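In what follows, a structure is listed as structure tokens, so that the remarks can point back to it.
Treat the numbers as computed from the prediction; the structure is a model and nothing was measured. Letters go in sequence order (proteins before strands), and every chain restarts at 1.
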Amino acid sequence: MISITLPDGSIEEYARGVTAGEITIDIEGRKHDCVAADVDGIEVDFSTILTSDCTLIPISAFTDEGIHILRHSAAHLLAQAVVELYPDAKPTIGPAVDRGFYYDFANLDGFSESDLKPVQKKMHEIARKNHQVERVECTEDELSQMFASNPYKMEIINDKLEDGAGSTIYRQGEFFDLCLGPHVPTTAKLMHVRLTSVSSAFWRGDQSNEQLTRIYGLVEPSKHALKETMAAIEEAKKRDHRKLGKDLQLFHVDEDVGPGLILWTPRGAVIRTCLQNFISEHLTRQGYHQVFTPHIGKLDLYRKSGHFPYYQDSQYPPLVEKDMMIKLADEGCTCGELANLMEAGDIEGYMLKPMNCPHHIKIYSSQARSYRDLPLRLAEFGTVYRWEQSGEISGLTRVRGFTQDDAHLFVTEDQIADEVLGCIELVEVIFKALGMSDFRVRVGLRDPDSSKYVGESAKWDLAEEACRKAADSLGINWSEEAGEAAFYGPKIDFIVKDVIGREWQLGTVQVDYNLPERFDLQYKGNDGEMHRPVMIHRAPFGSMERFCGVLIEHFAGKFPTWLAPTQVHILTISEKQVDYGNKVYSRLKSVGIRAEIDDGDDTIGKKIRTHRKFQPAYMLIIGDDEVESETVSIRARNGDQSAGVSLEKFISELLREIDEKCALPSLVQPTE
RNA sequence: GCCACCAUGGCUUAGCGGUAUAGCACCUCAUUGGUAAUGAGGAGGUCGCGAGUUCAAUUCUCGCUGGUGGCUCCA
């Protein structure tokens, strides 16, 4: 007999050789929703035979661990269905991911979304057969035999297995796959699957490797859960900033202008302007100086900074001077030769700036600096251009031209810690003001095994410590990631998720020893000697475009009053109130409130419906009663109403709400 | 850049080898209406661009442009 400690702390005696699944049934009953068990902290299959005392906790499919196992098993089910329908297809890898699972196949060229239905049907069919999912220990020789016809599996066997060590496969019906497990006990647990999309991927994520067909899917423990997940995805799509951007007329991207180049339309420009003003207030408070610099600079500048040619692939082509262009053309210069001449520095030209730092550096070095000037904080809403790959461009979050709320701080080494802290605080203030709490913080440190970093190791230690301290001061969880540092110094990134679950880096603070070196920046210390400053790059929003994109989704288009493109829409009930309506309109405009008036001849119900589309914080309904009493009837965005409010009271409260940057419209108390 | 898919008036969309639907928006008229669509009428599209097949292409084929989902990369 062996003693099993159960989740409730009790200890039960079982015959040696009892399985994890049998104990689970004892604990949870026959109709349990568990998929595996945790035995002494290790996830195991139900078929696992227990031979010694242990602690056992069944893993429910409704837990994070459980759904992960479910997803992984669903990936196997997918592979089984695909090879049954497409015998030539070769399964490669198929892991569980954040929101579901995928499986990559070789020899499945031309597979399209319309092919998903039959595969999904096949998956249901197999699931219904209730195949036992069986774990089988195999020697390396056996594995080599079984997977001989699949070079991808063979590569894994050869690379991942230690010589001579075997591994396990999981078998369900005819199908088997190389896998460590654990898995669900039977395919019947996988009834609630839905295949979602097809895309391509490269073997082992390397673009030089063979291209594979990737199929994505969802799986849930119950029909209800699947339905909820599908509904949540639909809901998320409605918040997509690309859709809302169009509906709310916030921005436009025009084919004739170019992909990834944002045209801010008036309503969207309001949001951006408000955010920039918000930042500007803090810049003044924190002792920054705002500067303006041009959109282009000489090629040589970027040769010196290292942006050219290192990042040539992600830049717009340089602008070559006209006379030089004509001369080269006369000489029959090829594009390849031109590129070489540029790289070698034999040709001068200009470049759209990929970063603002070189220009700010030139402002620093335009004067002799002393330690008394430091820290020197130069800020600019600087627009930069980067040649993102065509397939990467998307909405506002990945663009080719964007404006950074950029700043460069030139500091002494002693000042790094304080200044990084100041930058972090700014990011924190902004995120708080906007109610963005769902973000993670990553401190990017150097990879100790890599030689790509510049600067002395002792300085790095100091800078990394400063970043850690600053992150600590946030009082929230942050993670350290080795190898995520910029080549010139460590950094702190603020990463948020969009509605589809994709992560975007927004705010960033970076410590830089490299550029001051490259540009030979100096200041005179109080010791009379020349010293080299350190630079801190920081952008609390990151890019105005990306930040606004995420913000649109964060608020689902319902912006707080201080950011709302239009704050108040005035709707008259009939033409009898047009004069008073316009008086209200003028009054609101005169105190700087963004207002619109609809004095057309639609019914009031229709007007509300029409204007709701633009999500103003408030609508004011103007009828005979309001005209008579010089009041307004307020309708908040959520439908709450408050009639008979004096116009001046409304205005003063609205101005307070705007001034305090309230997260939600608060002028109308919910009716009881 | 790669794979798959998509492109029809401002928006959402039907359709098909014989130059095209409908709704919303827009304009006109009637209506003067109290908190999520008043009624009637009208105008608006060389069906993304370029070639090819065909008597005939929005529809089929190829190329291009742009978009979507991923992969890759992001100083």
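- Checked against B:U31, B:U35, B:A75, the side chain of A:Gln315 finds its nearest nucleotide in B:A75.
- Taking the six-membered ring for Trp and thresholds of 30 and 60 degrees, A:Tyr216 and A:Tyr102 have ring planes inclined between 30 and 60 degrees apart.
- Of the nucleotides present, B:G63 is the one that pairs with B:C49 by Watson-Crick or G-U wobble criteria, both distances under 3.5 Å.
- B:A4 and B:U8 have their C1' atoms separated by 22 Å, with the value rounded to a whole Å.
- No side-chain heavy atom of A:Asp115 sits under 4.5 Å from any side-chain heavy atom of A:Glu113.
- The phosphate of B:A25 (OP1 or OP2) has a side-chain N or O of A:Lys606 nearer than 4.0 angstrom.
- Between A:Tyr86 and A:Phe111, the distance separating the two ring centers is shorter than 6.0 angstrom.
- Looking at heavy-atom distances under 4.0 Å, A:Asp247 makes no contact with the nucleic acid at all.
- In this structure, A:Arg609 does not reach the B:U35 phosphate: none of its side-chain N or O atoms is under 4.0 Å from OP1 or OP2.
- The nucleotide B:C71 finds its pairing partner in B:G1, both defining distances of the Watson-Crick or G-U wobble pair being shorter than 3.5 Å.
- Side-chain rings of A:Tyr316 and A:Trp387 approach one another, their centers coming within less than 6.0 Å.
- Remark: aromatic rings of A:Tyr103 and A:Phe101 are distant, center separation not under 6.0 Å.
- Between the C1' atoms of B:A14 and B:G23, the separation comes to 11 Å (whole Å).
- Considering only side-chain atoms of A:Ile393, the nucleotide from B:G1, B:U35, B:G67 that sits closest is B:G67.
- Among the heavy atoms of the strands lying under 4.0 Å from A:Ser633 is at least one base atom, whether or not backbone atoms are also near.
- Using a 4.0 Å heavy-atom cutoff across all strands shown, A:Ile573 reaches at least one base atom of the nucleic acid.
- If you check every strand for non-hydrogen atoms under 4.0 Å, A:Leu571 touches nothing.
- Residue contacts for A:Gly623: at a heavy-atom cut-off of 4.0 Å it reaches a base atom on one of the strands shown.
- Rounded to whole Å, atom C1' of B:G66 lies 18 Å from atom CD of A:Glu388.
- For B:G69, one of the phosphate oxygens OP1 or OP2 lies less than 4.0 angstrom from a side-chain nitrogen or oxygen of A:Arg242.
- Between A:Ile608 atom CD1 and B:A37 atom P the separation is 9 Å, expressed in whole Å.
- The A:Gln389 side chain lies nearest to B:G1 when the options are B:C74, B:G70, B:G1.
- Taking atom P on both B:U61 and B:U53, the two are 15 Å apart, rounded to the nearest angstrom.
- A:Gly605 comes within 4.0 angstrom of sugar-phosphate atoms only, judged by non-hydrogen atoms across all strands, and of no base.
- No side-chain heavy atom of A:Ile361 sits under 4.5 Å from any side-chain heavy atom of A:His408.
- In this entry the distance linking OH of A:Tyr102 with P of B:G69 reads 18 Å, nearest Å.
- Using a 4.0 Å heavy-atom criterion, one finds that A:Ser112 contacts the sugar-phosphate atoms exclusively.
- Contact annotation: A:Ser314 side-chain N/O to B:C74 OP1/OP2 distance is not under 4.0 Å.
- Within the shown strands, B:C27 is the pairing partner of B:G41 under the Watson-Crick or G-U definition, both distances less than 3.5 Å.
- Proximity note for A:Pro259 (side chain, C-beta onward) versus B:G1, B:C71, B:G66: the nearest is B:G66.
- A donor and an acceptor atom never sit less than 3.5 Å apart when one is taken from the side chain of A:Glu575 and the other from the base of B:G33.
- Using cut-offs of 30° and 60° for the angle between ring planes, the A:Trp203 and A:Tyr152 rings count as perpendicular.
- Proximity of A:Val645 to A:Ile634: side-chain heavy atoms (C-beta onward) are separated by under 4.5 Å at one or more points.
- Across all strands shown, B:C55 forms a Watson-Crick or G-U wobble pair, both distances under 3.5 Å, with B:G18.
- Among the atoms of the strands shown, only primed sugar atoms or phosphate atoms (P, OP1, OP2) are found under 4.0 Å from some heavy atom of A:Ser197.
- Using a 4.0 Å heavy-atom cutoff across all strands shown, A:Asp109 reaches no nucleic acid atom at all.
- The CZ atom of A:Phe101 sits 15 Å away from the C1' atom of B:G70 (whole-angstrom rounding).
- Distance, A:Leu116 CG to B:G70 P: 14 Å, rounded to whole Å.
- As rounded to whole Å, 9 Å separates atom C1' of B:U12 from atom NZ of A:Lys243.
- Among B:G33, B:C74, B:A75, the nucleotide with an atom closest to any side-chain atom of A:Ser574 is B:G33.
- Look at the P atom in both B:U59 and B:U46: the space between them is 15 Å, to the nearest Å.
- Residues A:Pro665 and A:Tyr618 are in side-chain contact: their nearest non-hydrogen atoms beyond the backbone lie under 4.5 Å apart.
- A:Arg214 comes within 4.0 angstrom of the backbone, heavy atoms only, and of no base.
- Applying the 3.5 Å distance criterion, the base of B:A37 shares no donor-acceptor pair with the side chain of A:Thr610.
- In the set B:U12, B:C71, B:U35, the nucleotide with an atom closest to the side chain of A:Lys246 is B:U12.
- As judged by a 4.0 angstrom heavy-atom cut-off over every strand, A:Gln577 is placed among residues making no nucleic acid contact.
- Each of B:U65, B:U38, B:G34 was ranked by its minimum atom distance to the side chain of A:Asp624; first place goes to B:G34.
- Rounded to whole Å, the separation between the P atoms of B:G50 and B:G17 comes to 23 Å.
- A:Asp206 comes within 4.0 angstrom of no nucleic acid atom, judged by non-hydrogen atoms across all strands.
- Checking B:A75, B:U38, B:C3 against every side-chain atom of A:Ser200, the shortest atom distance belongs to B:C3.
- Counting any heavy atom pair closer than 4.0 Å across all strands shown, A:Gln510 reaches sugar-phosphate atoms only and no base atom.
- Of the C1' atoms belonging to B:G52 and B:U12, the separation is 33 Å, rounded to the nearest Å.
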When you look at A:Thr572 and A:Asp599, which way does the side chain to side chain donor-acceptor pair (under 3.5 Å) test go after all the steps? CA-CA 5 Å; A:Thr572 56; A:Asp599 55 7; 5.9 Å; no

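- Taking atom CD of residue A:Glu255 and atom P of nucleotide B:G10, one finds them 14 Å apart after rounding to whole Å.
- Side-chain atoms of A:Arg386 lie closest to B:A75 of the nucleotides B:A75, B:C73, B:G70.
- Taking the P atom of each, B:G48 and B:A7 are spaced 8 Å apart, rounded to whole Å.
- Between the P atoms of B:U21 and B:U58, the separation comes to 16 Å (whole Å).
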